[in-house]
J.: 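Below is one structure. I have some questions about it.
Quick note: residue numbers are just sequence positions, from 1.
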Amino acid sequence: MSIEVVVKGNKRPEDRVYRNTCNHCGSLLQFNASDGYSAGTGPDGSAIVVTCPECKTEVWTAIDAYQKPMSDADIKALTRRMGG
């Protein structure tokens, strides 16, 4: 028996959304895998590495730590909670 696709999915790894905080300046970053590069030992890397736009420090995020994207309302609420 061969593998059969019953319902084709629409999620692609390059569309995954990641969030991480820059350890240098504290900025909360949201990005796609295509915004950085893969690094590490796995065939697709074990981390996504992006450069913080604020301080230019590399931010490493586990490749399996993808999340749902934050909406504009979510970002505004978070900014208010953080005192910004």
J.: Around atom CG of D35, are there more than 12 heavy atoms from other residues, nucleotides or ligands closer than 6.0 Å?
T.: yes
J.: Atom OH in Y18, atom CD in Q67: separation rounded to 0.5 Å?
T.: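 Between atom OH of Y18 and atom CD of Q67 there are 10.0 Å.
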J.: Apply side chain to side chain contact (heavy atoms under 4.5 Å, CB included) to the pair N32 and V17, showing each step before the final yes or no.
T.: CA-CA 5 Å; N32 293 84; V17 174; 4.1 Å; yes
J.: Closest heavy-atom contact between Q30 and M70?
T.: OE1-N, 3.0 Å
J.: Among Ile, Leu, Val, Met, Phe, Trp and Tyr joined by side-chain contacts under 4.5 Å, find the other residues sharing a cluster with W60 and list them by chain and number.
T.: Y37, V49
J.: Apply side chain to side chain contact (heavy atoms under 4.5 Å, CB included) to the pair L78 and L28, showing each step before the final yes or no.
T.: CA-CA 10 Å; L78 179 60; L28 177 62; 3.1 Å; yes
J.: Using a 4.5 Å cut-off between side-chain heavy atoms of Ile, Leu, Val, Met, Phe, Trp and Tyr, which other residues end up in the same hydrophobic cluster as V7?
T.: V6
J.: Could you tell me which residues satisfy side-chain hydrogen bond (donor to acceptor under 3.5 Å, both in side chains) with D74, sequence neighbours excluded, listed by chain and number?
T.: S71
J.: How far does CG of L29 sit from OG1 of T21, to the nearest 0.5 angstrom?
T.: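 If we round to the nearest 0.5 Å, L29:CG and T21:OG1 are 7.5 Å apart.
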J.: So do the side chains of C55 and C22 get within less than 4.5 Å of each other, counting heavy atoms only?
T.: yes
J.: Would a distance-only check, ignoring hydrogens and angles, find a side-chain to backbone donor-acceptor pair under 3.5 Å from K8 to V5?
T.: no
J.: What distance separates I63 CD1 from I48 CD1, expressed to the nearest 0.5 Å?
T.: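 Going from CD1 on I63 over to CD1 on I48, the span is 4.0 Å.
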J.: Between atom SG of C25 and atom CD of E54, what is the distance when rounded to the nearest 0.5 Å?
T.: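 If I round to the nearest 0.5 Å, the distance is 6.0 Å.
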